[in-house]
Structure formats: structure tokens, C-alpha cells
Amino acid sequence: MTITTLHHGPVTRQATGRLTVTTQGGDMVPITGAVQDWVKETGIRNGLLTCFCQHTSASLTIQENTDPDVRLDLMDALERLASTKESYRHSLEGSDDMPAHIRTSLTDTTLSVPVLNGRALFGVWQGLYVLEHRSRSHQRIIILQLTGT
Amino acid sequence: MTITTLHHGPVTRQATGRLTVTTQGGDMVPITGAVQDWVKETGIRNGLLTCFCQHTSASLTIQENTDPDVRLDLMDALERLASTKESYRHSLEGSDDMPAHIRTSLTDTTLSVPVLNGRALFGVWQGLYVLEHRSRSHQRIIILQLTGT
Amino acid sequence: MTITTLHHGPVTRQATGRLTVTTQGGDMVPITGAVQDWVKETGIRNGLLTCFCQHTSASLTIQENTDPDVRLDLMDALERLASTKESYRHSLEGSDDMPAHIRTSLTDTTLSVPVLNGRALFGVWQGLYVLEHRSRSHQRIIILQLTGT
């Protein structure tokens, strides 16, 4: 195990943004490109980017960004882990609502990614996605916060 | 998909706090209000708040803040996913200990929330909770860290 | 519930590092010591440390740092939750690949830990681990980012 220091520098500035995305229902929407564009636009070259999902029936995750089957398999796995066929106390908002809350807790509401030379440091195979756990289309809001220089 | 920049400003200060909470056992304790009060008290108006749970059998999550049934259903779901009836190698500390460790890994030890105009930007339906995965009462410590201006 | 402020101070600097680790396959590699050493080396005494795993079939988690059985039980639990015996669409890279992607989403890609007096504030029983979800050995990269003073 080795650790190499890549960068040392000042911290002086921050930016906050609001990303609005329309989901289809039961889908995963890629937002990596839009987020990278916003990082560039802020002019902050080095620092830490945080993405925060303001919902309890949609969430964030980082997943394989190439084979669309991965996303289908992940959503199937979440259905097995928190099924719409299970019986729940909280059922007034539909059989997909409580599973959506559970799947949100099992995945991520917050994700932070280091930024270097104007780019969030996602790995080659990593994509950032908004997970829509409800079965219908929704408008979802992700807050972006970038601290650095 | 659109991104709107809400804020651009300096970063100059930080504060660190320690939240102490007594759980009942198998419960979810809401801490949103206490955390918002502390953010206000620091005088830091814009930045990033991070909450860090110092335990491996208790954790954090963001959940629906209105219907108490959601919390009961979530705790039931975690019992299905990591059951106290399963057999484990690690069993000396009680049948609820290893499930508590697994549930901690499935939920959150860290949660970061952007802060704007003196308020952590939780969504309307979002509440921040400490999850007690052990069956008895414990005193739990959450470290709060706020970077901004 | 009480909150005590432990520290108030300036934010002026940041450091970014790259940790490289070789996993064995299906194992959990402790990195707490290496990460604490790097924090000390940066000279940043107070702030926020973020660890970011650049992969989609390996991840991070914080777990009990004493009994090795806890790690075996956790890996068994992840096999039950996302089994290599399940059938998946995405199967070309081996039966352990899609389960690895799912387990990555269920655990953590990002973990942030407050730093005080030159030490990341892990609890007494907390250890930071890289989880190798593939069955063979891999080289994995974790990006470390520290903002503070």
C-alpha cells in the first residue's frame, strides 16, 4: 500500500448549484456530464464536489457507465431487497412508495468526489446516476456544492 | 436537465461539534432540528455540513420525516436484510450485534449536506436520523463539521 | 440531546492524495493506519478528510476493527444480499461481476471523516476498509482529499 500526494494548495472559494432532472420512473438518469460541465463553469480547479439529493424516494449512486444491462440488473436487485410485493404499514401513497424509501436508505443521498485540474475524479468506468425509485416520472433536485480554489 | 448556480463566495472558516444522543434500542432518533440549530449557532452561513457517526452498530440515514410508520417499516426491512435469526461467527456480544454491524454498512456512517443562508438544505420531506441497530439503549456520538463562511 | 462545539478556526489549505492497494479477492483491506499517516504528513491539523474509491466493483466501508470474524460475516451477508448464484443480464465478465456492482452501491464509494488535532476522528472501534467484491486480486485506487488548516 502506498499513498502519493498529488496536490497541495490553498482553499479560497465555493459554489453551490441546483440540478433539476426529470426521471421516467424506475430508471437511472446519468448526470456525470452535466456535473463535470458545471464544475468547469465554476472556475474552481481543485477541491471537493458534493452532490446531495433532496428526496426520500430517489437517490444517487455511482455505477458502471458502459453496459446498460448493469442498470437493469441493479434496479432488479433493489426490487428483490425492498420489494413492492412486501406488505408495509406505510402504503397510502402506493405500493412503490415504501420500497422507494428503503432503497433510498440502501443507496446514497450524498456523494462527494475530489476535483483536480477542473475535473471531478471519477474512475474510468464510473458514472454518477440519479435513481428514480418511484414507478412514475418525477422532477428531482440535486444540490451541488464545490469547495476549493 | 438544467443546472442553476445559486451561490458563489469565499471559504474562510470551519467549526466542529459533538452531538450526544441517547437511543432507546431499535429506534430512529430525529436530529435535524438540533443540527440546524448548531449550524445557525456557528455563524457560518454558506458551506458544507458533514455528520459522522463514531460507531459500528449505529448509523445515520435521511428519511421521510412525517409518517412514523416509515421508520417502523425501514427498521423491519433492515431486520429482513440482516436478521438477528441468521447464524453468525461473531456472536459473543449478542444476536443483535453482528446484524447491527451489517445494517451500519448498508446505511450511512457519513452524510454531507450543503448549507445556504444559514440552513442545511434538507428537502421538505427529509429528516436526518440516528439509527440504533442494537436492541438496548446506548449513548451515541455524532461529529458535526462545517466548512464555509 | 446536546451539541458541544469542539473547534472553531480558519480554512486555508487542501491536499489530495492517491492510495494504491492490492486486494486478494473477496477480502477487506484495512487502510485506517495509512490514511492517518497521510493526514499527519499533510500538516493539515483540522478539517475534513474525504476518501473516494474510483471503482464500481470495490468500495469502502467503516466496520468493527477488532474481531476478524466481523469481516467474514459482513462478506457473507453481502453474498446473501447480492448473490453470485443469482442470474443477471450482465454476465460476460464473470458471475462475480454484477454482484460486485450491486454490493458497491449498497456500501460506500465516498466516506468523509472530520479531522481534529491532526487525527481523523474515527471512533475507538471503527476501522476504514477497502472491500474487494471481485473474487480475484486487483489493484485499487482510493483518492484522499483533505480541506482545512
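A note on names: the letters A, B, ... follow the listed sequences, proteins ahead of strands, and every chain is numbered from 1. The basis for the numbers below is simple: all heavy atoms, side chains too, and nothing from hydrogens, waters or symmetry mates.
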| note | Answer key: most heavy-atom pairs under 4.5 Å with chain A among Thr2(B), Thr5(B), Leu74(B) is Thr2(B)
| remark: Note: vs chain A, highest number of non-hydrogen pairs under 4.5 angstrom among Thr147(B), Thr12(B), Asp76(B) is Asp76(B)
| request: Examine whether an atom of Leu146(A) lies under 4.5 Å from a heavy atom of chain B, and if so say whether it belongs to the side chain, the backbone or both; otherwise answer neither. | output: neither
What are the residues of [range], in order of number, with any heavy atom under 4.5 angstrom from a heavy atom of chain A?
| range | value |
| --- | --- |
| residues 61-73 of chain B | Thr61(B), Ile62(B), Gln63(B), Glu64(B), Asp67(B), Asp69(B), Val70(B), Leu72(B), Asp73(B) |
| residues 26-54 of chain B | Asn46(B), Gly47(B), Leu48(B) |
| residues 90-110 of chain B | Leu106(B), Thr107(B), Asp108(B) |
| residues 123-139 of chain B | Gly123(B), Trp125(B), Gln126(B) |

| field | Residue Arg13(A) excluded, over 12 heavy atoms near CZ under 6.0 Å | value | yes
| message | For Arg119(A), is the CZ atom crowded, meaning more than 12 foreign heavy atoms sit under 6.0 Å from it? | response | yes
| Rounded to the nearest 0.5 Å, what separation is found between the NE2 atom of His7(B) and the CD1 atom of Ile143(A)? | 13.0 Å
| note | Output for pair (Leu19(A) CG, Ile3(B) CD1), nearest 0.5 Å, gives 4.0 Å
| query | Is a side-chain donor or acceptor of Gln14(A) paired with a backbone partner of Gly9(B) at a separation under 3.5 angstrom? | reply | no
